[in-house]
Structures are given as C-alpha cells and as structure tokens.
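One structure is given here, and the rest of the page talks about it.
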Amino acid sequence: MASSIVRSPLNPISRHVTCKPSPSDHRSRTTTAAAVTIHRPYSKQRRRRNVPVLACSLQSHNADDNHNVVGGRSKTELQRIADDSPNDDVSKDPNNNTNMLPRPLSSTQSSNSVSHLRVAYQGVRGAYSESAAEKAYPYCEAVPCEQFETAFEAVERWLVDRAVLPIENSLGGSIHRNYDLLLRHRLHIVGEVKFAVRHCLMANHGVKLEDLKRVLSHPQALAQCEHTLTRLGLVREAVDDTAGAAKHVAFHKLNDTGAVASSTAAMIYELNILAQDIQDDSDNVTRFLMLAREPIVPGTDKPFKTSIVFSLEEGPGVLFKALAVFALREINLTKIESRPLRKQLVGASDDNNNGYPKYFDYLFYVDFEASMADQNAQNALGHLREFSTYLRVLGSYPVDTTML
C-alpha cells in the first residue's frame with residue numbers, strides 16, 4: 001500500500017511576481033519580495049525511497065475547509081502526527097516559536113547545500129528523473145510520483161518539499177505538458193539541473209541480443225535510439241517511462257523483450273546490460289527544473305536565469321516589440337516557446353473562414369540570462385508589461401554551469 005507523509009499542517013501561500021511599467025528606465029523599481037519557505041529539518045539517516053506519492057492520494061477537498069483540513073485530516077491531528085514523528089529534530093518546547101517561523105531561502109540554498117529534503121520526481125525507481133533529483137539535491141529522499149501533475153500537487157500539498165521535473169531535451173525538444181502545468185500551478189522555479197542521458201539496452205539474464213524481438217521504453221528514448229534499434233531489427237513499443245519499461249521486463253521475466261533505460265535501472269531490477277550508450281547522438285542532455293512553494297531571493301553573485309510567461313494582443317510586429325525589450329538592453333534569450341492559451345479563442349469569425357476564429361491566442365514562455373535583482377532586467381519587464389496582456393515571472397534562479 002502506498003503511503004504519503006504530510007510534512008506541515010500549514011497551507012502554502014502562493015505568489016507570483018510582476019513588474020510595474022515605468023515611463024523611464026532610469027526610474028528606480030522595487031525588487032522582488034524576499035521569499036521564504038517552511039520546512040522541518042530531517043534526521044541524518046540514509047534516504048528512504050519506498051514512499052511513492054500516488055495520484056489517488058492527492059484528492060481535492062472543499063475550498064471552504066482548506067483553513068482547517070489538509071489531506072483529509074484536521075490541523076490539530078496533523079500537528080500531533082508531526083510532533084510525534086521520530087524524524088523531526090525540531091524542539092517541542094511550546095514556548096519556543098522560532099522553529100515554526102518561515103525562514104528565507106537564499107540562492108545559495110536552492111541547490112545542493114539543502115539536504116534531507118523530500119523531492120518528488122515522475123516515474124519509478126531508476127528513472128533519469130530520480131538521478132536528476134539526486135544531482136540537484138544530494139542526500140535527499142527521492143519520492144516517485146505517477147504523473148507530472150502528481151509531483152506538482154505533492155509540493156503544493158506539503159507532501160514533499162521540492163519537485164525536479166524535465167522541461168526540455170537537447171534531442172527531443174520541449175516537454176509541453178510541464179510548460180502547461182507551470183501555468184496551471186503556482187510553484188516557483190528555484191533552480192535548474194542538466195543531466196546527461198546515456199541509454200542502455202537491457203534484458204533478463206540468459207537472454208542474448210539475437211533473442212530479442214521487441215523493446216520497451218519511453219517514446220523519447222525510443223526516438224533517441226532509433227538508428228541503433230532499427231539496425232538491430234527490434235520492434236519498438238512505447239510505455240510511460242524508461243525505468244518502468246525495465247521494471248516490466250524484469251517482473252514478467254520476458255525472454256524476447258528488452259528495455260531501453262539507465263544503467264541504474266538495470267542494477268535495481270537486476271537486468272543484464274546488452275549494449276551501452278546506444279543513443280544516436282552522444283550530446284543527449286535533459287534540462288530539469290527545480291520547483292518549490294516559494295521563490296528564492298535572486299542575487300547577482302553568480303550567473304542567473306529568469307523564466308517568464310506572457311501573452312500579447314494580436315497585431316503586426318507585436319512579438320517583435322516584445323522581444324526587442326530584451327535586445328535593446330543586451331539581455332540574451334536562451335529559450336522561447338509558444339503554447340496555445342486554452343479555452344480562449346480570440347478574433348471575430350467571418351464567412352471566408354467558415355465561421356471559425358481568424359486566429360488563436362498564444363502564451364510565450366521565455367528564458368533570459370539575467371537576475372531579477374538586476375535593474376536592467378526589471379526595466380525590460382516593466383517595458384514588456386506596457387503592451388502585454390498577461391505577464392508572470394516563473395522564477396529567477398542560478399544557472400547550472402556543471403556541464404559547460
């Protein structure tokens with residue numbers, strides 16, 4: 001039976017940051033508010049990986065009861081459970097209230113300096129996402145989730161402290177689902193981690209390469225190994241994730257089926273690696289986002305990246321004007337992604353278009369190399385807000401330079 005742990009009875013307070021326009025770039029602007037997060041320290045013991053978060057455990061509750069009930073339990077009951085937890089080192093002195101106060105999270109604490117956290121990832125044990133979570137937060141307790149949205153909700157409901165989820169791959173492109181979830185939920189990007197993907201072809205012990213007829217894996221993994229799998233004459237079948245494919249092959253003791261997954265998955269599920277590094281391109285890197293309930297305090301002491309999402313009115317040259325606010329200030333853009341704004345069609349229909357709208361409304365996701373603590377970046381967003389219909393800062397966070 002899957003179980004989950006509620007770390008705090010407090011309801012998270014979501015916030016997002018926008019920049020107010022100003023007639024002049026020389027006018028002083030207010031920086032982003034100091035961000036805080038609440039977490040309990042964990043006892044120094046080895047990680048526990050056997051507590052998955054399932055979608056069924058994240059049930060919705062009546063909004064009217066949110067102040068009194070969390071996860072189906074009263075605040076009083078949850079506080080009692082937290083107080084009785086043997087993994088908490090927090091003082092139980094009723095007169096000591098300092099342990100329950102929010103503590104600021106600085107940019108230096110957004111990554112590997114924070115340990116003993118519960119970090120959600122999508123997939124099962126052995127997934128690349130699990131390895132990315134461990135790279136982002138060494139010594140964390142990696143918590144598997146069934147779906148991407150389950151990981152988002154686990155952070156929002158205080159079941160975990162962070163989430164590490166993929167956003168783009170150097171070969172497969174963007175993970176559109178997570179772009180949509182970033183907008184739907186109120187989590188903040190507090191960091192990024194780039195992870196080199198090295199695929200292995202594996203099977204049960206005693207099964208030889210010539211015995212294989214088909215191979216299971218995630219669709220992107222299969223696409224990234226297309227040339228190798230075609231040369232071997234294997235039928236490709238897509239499943240939810242790479243580690244799940246390895247687990248399926250091992251559990252059902254398949255003798256004619258292999259899996260494409262990580263070497264870690266092969267070790268966990270006791271499979272034999274028949275071929276290593278079978279990806280078509282050795283430059284196979286996935287970028288993951290580190291998500292939290294509260295933003296970090298941006299700094300200027302190291303390279304920073306800022307992620308935003310905005311929408312614009314329809315018209316000639318509007319997108320050009322939006323991007324020009326960064327070019328005029330010599331701010332480098334590292335990513336731009338457009339996604340349709342669902343349930344909102346704009347533009348009048350006409351007879352020449354068979355009654356359908358002339359155009360659709362789009363959201364634009366942009367990453368740029370600057371910190372929100374930089375006046376230049378604030379001026380750029382203030383300028384953008386003058387003609388955007390919607391603007392939200394998803395996060396301002398340190399750049400992962402480990403693979404540069």
Side-chain angles (χ1 to χ4, degrees), residues 15-17 19 31-39 102-121 128-129 131-140 142 151 155 160-170 174-175 178-179 182 186-196 285-309 326 329-337 365-381 392-404:
R15 88 176 57 140
H16 65 278
V17 182
C19 290
T31 58
T32 55
V36 296
T37 186
I38 303 173
H39 64 86
R103 299 174 183 176
L105 180 65
S106 67
S107 60
T108 59
Q109 293 175 305
S110 63
S111 185
N112 56 13
S113 62
V114 180
S115 60
H116 310 298
L117 296 176
R118 287 171 54 83
V119 180
Y121 68 93
Y128 291 108
S129 294
S131 298
E134 293 170 351
K135 180 182 178 181
Y137 298 103
Y139 310 110
C140 72
V155 179
V160 297
D161 304 287
R162 304 281 192 277
V164 174
L165 299 172
I167 195 65
E168 61 178 326
N169 176 267
S170 58
S174 300
I175 313 297
N178 284 337
Y179 273 106
L182 281 172
R186 287 294 179 178
L187 298 185
H188 302 267
I189 304 174
V190 297
E192 66 173 5
V193 59
K194 297 175 182 177
F195 188 82
V285 178
T286 299
R287 175 174 168 248
F288 292 80
L289 297 180
M290 300 149 62
L291 305 175
R293 287 179 290 272
E294 297 291 342
I296 64 171
V297 179
T300 56
D301 57 330
K302 62 180 70 174
F304 261 69
K305 181 183 293 185
T306 299
S307 298
I308 64 172
V309 57
F326 302 101
R329 296 168 177 85
E330 298 184 345
I331 297 176
N332 184 44
L333 303 184
T334 61
K335 173 78 173 179
I336 180 169
E337 181 82 20
Y365 293 82
V366 168
D367 295 343
F368 60 88
E369 293 179 334
S371 169
M372 282 305 298
D374 185 353
Q375 187 69 41
N376 206 31
Q378 296 181 35
N379 293 340
L381 293 193
R392 175 180 164 194
V393 176
L394 299 171
S396 189
Y397 47 93
V399 175
D400 181 11
T401 59
T402 58
M403 302 192 68
L404 299 180

Heavy-atom side-chain contact between E369 and T334 under 4.5 Å: yes

Pairwise distance CG(N178) to CD(E168) - rounded to 0.5 angstrom: 11.5 Å

For I336, all residues meeting side chain to side chain contact (heavy atoms under 4.5 Å, CB included), sequence neighbours excluded: L323, V366

Distance-minimising heavy-atom pair for D400 and E192: N-OE2, 3.0 Å

Atom pair CG/CZ of L381 and F326 - distance to nearest 0.5 Å: 5.5 Å

Taking every non-hydrogen atom, the tightest pair across F195 and S131: CZ-CB, 3.4 Å

Sequence-distant partners of T306, side chain to side chain donor-acceptor pair (under 3.5 Å), two or more places apart: S396

Smallest separation among heavy atoms of P398 and I296, with atom names: CD-CD1, 3.7 Å

Short side-chain to backbone donor-acceptor contact, N376 and I331, under 3.5 Å: no

Interatomic distance, S371 atom OG to Y397 atom OH [nearest 0.5 angstrom]: 11.5 Å

Partners passing ring pair (Phe, Tyr, Trp, His ring centres under 6.0 Å) against Y128 (at least two apart in sequence or in another chain): H199

Donor-acceptor contact below 3.5 Å, side chain R293 vs main chain V155: yes

Test item: Q378 side-chain N/O and M372 main-chain N/O as donor-acceptor pair under 3.5 Å: yes

Closest non-hydrogen atom pair between A377 and F368, with its separation: CB-CE1, 4.1 Å

From CG (L187) to CG (L291), nearest 0.5 Å: 5.5 Å

Side-chain heavy-atom pair R287, D367 within 4.5 angstrom cut-off: yes

Test side chain to side chain contact (heavy atoms under 4.5 Å, CB included) applied to S129 - qualifying residues, sequence neighbours left out: Y121, P166, F288

Spacing of I175 atom CD1 and L182 atom CG [to the nearest 0.5 Å]: 12.0 Å

Non-neighbouring partners of D374 that pass salt bridge (charged side-chain N to carboxylate O under 4.0 Å, His left out), sequence neighbours left out: none

From Y179 atom OH to Y365 atom OH, the distance as rounded to the nearest 0.5 Å: 8.5 Å

Sequence-distant partners of N169, side chain to side chain donor-acceptor pair (under 3.5 Å), two or more places apart: Q224, N284, T286

Partners passing salt bridge (charged side-chain N to carboxylate O under 4.0 Å, His left out) against E337 (at least two apart in sequence or in another chain): K335

Expected output: side-chain K135 to main-chain K194 donor-acceptor under 3.5 Å: yes

Set of side chain to side chain contact (heavy atoms under 4.5 Å, CB included) partners for T300, sequence neighbours left out: A373

